[in-house]
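First the structure, which I've put down as structure tokens, then a few questions once you've had a look.
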Amino acid sequence: MWSQQNALHQLVSFILGASAAAVLLFFLTSASSGARFTGISSWANGTTALDAASAQEASPAGEPAAPAHAEAKGSPAPEQDELERLLRAVADEDRTVIMTSVNEAWAAADSLLDLFLESFRTGERISHFANHLLVVALDGGALERCRAVHPHCYLLPAATGRNLSDEKVFMSKDYIDLVWSKVRLQQRILELGYNFLFTDVDILWFRNPFERMSVAAHMVTSSDFFFGDPYSPMNLPNTGFLYAKSSRRTVGAFEAWRRARESFPGKHEQQVLNEIKVELVSTRGLRIQFLDTDHNAGFCNNTRDFNTLYTMHANCCVGLGAKLHDLGNLLREWRAYRSMDEGERSRGPVRWKVPGICIH
């Protein structure tokens, strides 16, 4: 009789233990995209349980065998020394950096860079993110202007000798080469063991976007169009807002992304990522989260409610003047929203005035 009871107790203990483990595993692998985080990205580092496990995985075919935090061998070029120095200066305690890029026109006084930096100052508890921002200059004029308004500026070596100071180069050969050079820079940052969040300079920040990102994702991208499932490759990515976590898997994905350029000549990096996203998910096991447009909105598709808005991208908008007009108006209305009391905000959607030149 005692042996039967003992066996029963052991069986119950096993079932309870297995259930607890299953619940814990489910929680880790399906972390809510609405989870709250305290730092830049307290979960987005190379030492979390998920990423530590990823680092121990055998690299899929075509992915590098080197660990994610491998340093460059030999004597680095001067620009590489400068990049590493700046990354050490801007990274938070979890080795995460925020980065954007500007040309001379976007960096000029009262242009996009000024609006972008102002959004950190007027946003809700996000002013400290500017301390972790690396601005990549695409020409000498942009570098000079950047250094006048921000302490962490880096001249992209691939931009040297190219005329990228205005908007007339869009989709030209120089432009295509440039955007792929930025993907190579992003890959290098991952290889050096840093996570990054790249944000186009025509994106205004209102709240902490890391709150909308899942701990389970290897890569997070905003969406031009979002169809409901944050992990469905049916969503259309916009790489103007792109997070990647440093690991073997993501470095391999970036290498595959850059190699795929040869299969899609004349296309820029976002178009190529859209072409290969299914392959990255199905064959490389890359978990890509697509941010919904209710919270990370763009002119292509937005909710018109300041109560839910985290970022706003001036996509589907051609021309620097049009972007400045609509983003400037939006920032002014955001300041008015911040001056409202909680009762006014809670009565329903707080909308901004439309139409603008691009925003509707």
Carefully, step by step, assess Phe227 and Phe225 under the rule side-chain contact (heavy atoms from CB on, under 4.5 Å). CA-CA 7 Å; Phe227 299 108; Phe225 293 96; 4.0 Å; yes
Rounded to the nearest 0.5 Å, what's the gap from OG1 on Thr283 to CD1 on Ile276? Could you check?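 The OG1 atom of Thr283 sits 9.0 Å away from the CD1 atom of Ile276.
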When you compare the side chain of Phe116 with that of Asp200, does any pair of heavy atoms fall below 4.5 Å?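 SC-SC contact between Asp200 and Phe116 ruled out.
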Straight-line distance of His313 NE2 to Lys323 NZ, nearest 0.5 Å: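 Going from NE2 on His313 over to NZ on Lys323, the span is 5.5 Å.
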Between CG of Asp224 and CG of Asn235, what distance do you get to the nearest 0.5 Å?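 Rounded to the nearest 0.5 Å, the CG-CG separation comes to 11.0 Å.
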Does one side chain, of Thr239 or Glu269, offer a donor that lies under 3.5 Å from an acceptor on the other? yes
For the pair Leu320 and Asp202, evaluate side-chain contact (heavy atoms from CB on, under 4.5 Å) and give the outcome as yes or no after the intermediate values. CA-CA 9 Å; Leu320 177 59; Asp202 62 346; over 6 Å; no
Check for a donor-acceptor pair, side chain of Thr293 on one end and backbone N or O of Phe226 on the other, with a separation under 3.5 Å.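 No; judged by distance alone, with no hydrogens or angles, the pair does not exist.
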Okay, side chain of Arg304, backbone of Arg351: is any donor-acceptor separation there less than 3.5 Å? no
Closest non-hydrogen contact found for Met213 with Pro209 is CG-O, 3.7 Å
Enter the distance from Cys146:SG to Glu104:CD here, rounded to the nearest 0.5 Å. 13.0 Å
Thr250 side chain to Lys245 backbone, donor-acceptor under 3.5 Å: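 Checked: pair present.
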Would you check if the side chain of Gln289 reaches a backbone N or O of Thr221 as a donor-acceptor pair within less than 3.5 Å? no
Between Phe206 and Met340, is there a shared hydrophobic cluster once you connect ILVMFWY residues whose side-chain heavy atoms come closer than 4.5 Å? yes
Can you give me the closest heavy-atom contact between Leu204 and Leu115, atom names plus distance?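 Of all heavy-atom pairs spanning Leu204 and Leu115, the closest is CD2-O, 3.7 Å.
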Does Arg287 reach the main-chain N or O of Ala216 with its side chain, forming a donor-acceptor pair under 3.5 Å?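 It does hold such a pair.
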Output the distance between atom CE (Met312) and atom CH2 (Trp334), rounded to the nearest 0.5 Å. 11.0 Å
Between the side chain of Ser232 and the main-chain N/O of Met234, is any donor-acceptor distance below 3.5 Å? yes
Locate the shortest heavy-atom distance separating Gly123 from Arg338; write the atom from each residue and the value. O-NH1, 2.9 Å
I'd like to check the side chain to side chain donor-acceptor pair (under 3.5 Å) partners of Asn296; sequence neighbours left out, ordered by chain and number. Thr311
Would you say Thr100's side chain and Val135's backbone share a donor-acceptor pair under 3.5 angstrom? no
Verify whether one side chain among Asp139 and Asn103 offers a donor that lies under 3.5 Å from an acceptor in the other.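 No, Asn103 and Asp139 have no side-chain donor paired with an acceptor closer than 3.5 Å.
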For the pair Cys300/Cys316, is the SG to SG distance below 2.5 Å?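 Bridged: Cys316 to Cys300.
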To the nearest 0.5 Å, what is the distance between CG (Leu134) and CG (Leu197)?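 Between Leu134 CG and Leu197 CG, I get 12.5 Å after rounding to 0.5 Å.
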Working for side-chain contact (heavy atoms from CB on, under 4.5 Å), residues Asp326 and Phe299: CA-CA 10 Å; Asp326 286 8; Phe299 290 0; 3.7 Å; yes
Are Glu82 and Arg85 within salt-bridge range, i.e. N to O under 4.0 Å? yes
Without swapping roles, check the side chain of Gln271 against the backbone of His268 for a donor-acceptor pair under 3.5 Å.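 Yes, the answer is positive, given that a donor and an acceptor are paired below the 3.5 Å cut-off.
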Would you name the heavy atoms of Val149 and Arg145 that are closest together and state the gap between them? CG1-NH1, 3.3 Å
State whether the side chain of His218 and the backbone N or O of Leu286 hold a donor-acceptor pair below 3.5 Å, judged by distance alone. no
Polar side-chain atom of Glu144 near backbone of Gly141 as donor-acceptor pair, under 3.5 Å: no
Between Glu211 and Tyr310, is a side-chain hydrogen bond (donor to acceptor under 3.5 Å, both in side chains) present by the stated rule, with each step listed? CA-CA 9 Å; Glu211 294 178 353; Tyr310 279 68; 3.1 Å; yes
Looking only at heavy atoms, what is the nearest atom pair of Pro237 and Asn274, with distance? CD-OD1, 3.1 Å
Are Glu275 and Lys267 close enough for a salt bridge, meaning some N to O gap below 4.0 Å? yes
Can you hop from Tyr243 to Leu236 via hydrophobic side chains spaced under 4.5 Å?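 Result: no, two separate clusters.
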Check whether any side-chain heavy atom of Phe129 lies under 4.5 Å from a side-chain heavy atom of Leu133, and answer yes or no.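 No - every pair of side-chain heavy atoms lies 4.5 Å or more apart.
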Consider only side-chain heavy atoms of I, L, V, M, F, W and Y, link residues closer than 4.5 Å, and tell whether Leu330 and Ile357 are in one cluster. no
Return the set of residues passing side chain to side chain donor-acceptor pair (under 3.5 Å) with Glu124 (not counting sequence neighbours), or none when no residue passes. Arg207, Arg345
Specify whether Phe120 and Trp205 have parallel, tilted or perpendicular ring planes, treating 30° as the upper limit for parallel and 60° as the lower limit for perpendicular. tilted
Pair Glu191 + Arg184: basic N to acidic O under 4.0 Å: yes
Nearest non-hydrogen partners of Ser101 and Phe198, listed with the distance: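 Closest pair (atom of Ser101, atom of Phe198, distance): OG-CZ, 3.7 Å.
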So, His295 versus Asp292: side-chain donor-acceptor pair below 3.5 Å or not? yes
Does atom CZ (Arg125) have a neighbourhood of more than 12 heavy atoms from anything else shown, all under 6.0 Å? no
Kindly check if the number of other-residue, nucleotide or ligand heavy atoms within 6.0 Å of CG (Asp110) is above 12?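 Result for CG/Asp110: open.
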Single-linkage hydrophobic cluster Leu280~Val278, side-chain heavy atoms < 4.5 angstrom: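 Each belongs to a different hydrophobic cluster.
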Suppose we screen for ring-ring contact (aromatic ring centres under 6.0 Å, His included). Which residues come up paired with Trp352, at least two apart in sequence or across chains?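 For Trp352, the residues satisfying ring-ring contact (aromatic ring centres under 6.0 Å, His included) (neighbours in sequence not counted) are Phe306.
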Please determine whether salt bridge (Lys or Arg N to Asp or Glu O under 4.0 Å) holds for the pair Asp294 and Arg212, giving the CA-CA distance in whole Å, both sets of side-chain angles, and the decisive distance to 0.1 Å. CA-CA 11 Å; Asp294 286 342; Arg212 307 304 309 171; over 6 Å; no
Could you tell me whether Asp177 and Lys182 make a salt bridge, using a distance below 4.0 angstrom between a side-chain N and a carboxylate O?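 No salt bridge links Asp177 with Lys182.
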Do Phe264 and Leu178 belong together in a cluster built from hydrophobic side chains that touch within less than 4.5 Å? yes
With side-chain contact (heavy atoms from CB on, under 4.5 Å) as the test, would you mind laying out the steps for His128 and Asn131 before giving the verdict? CA-CA 6 Å; His128 61 287; Asn131 300 327; 4.3 Å; yes
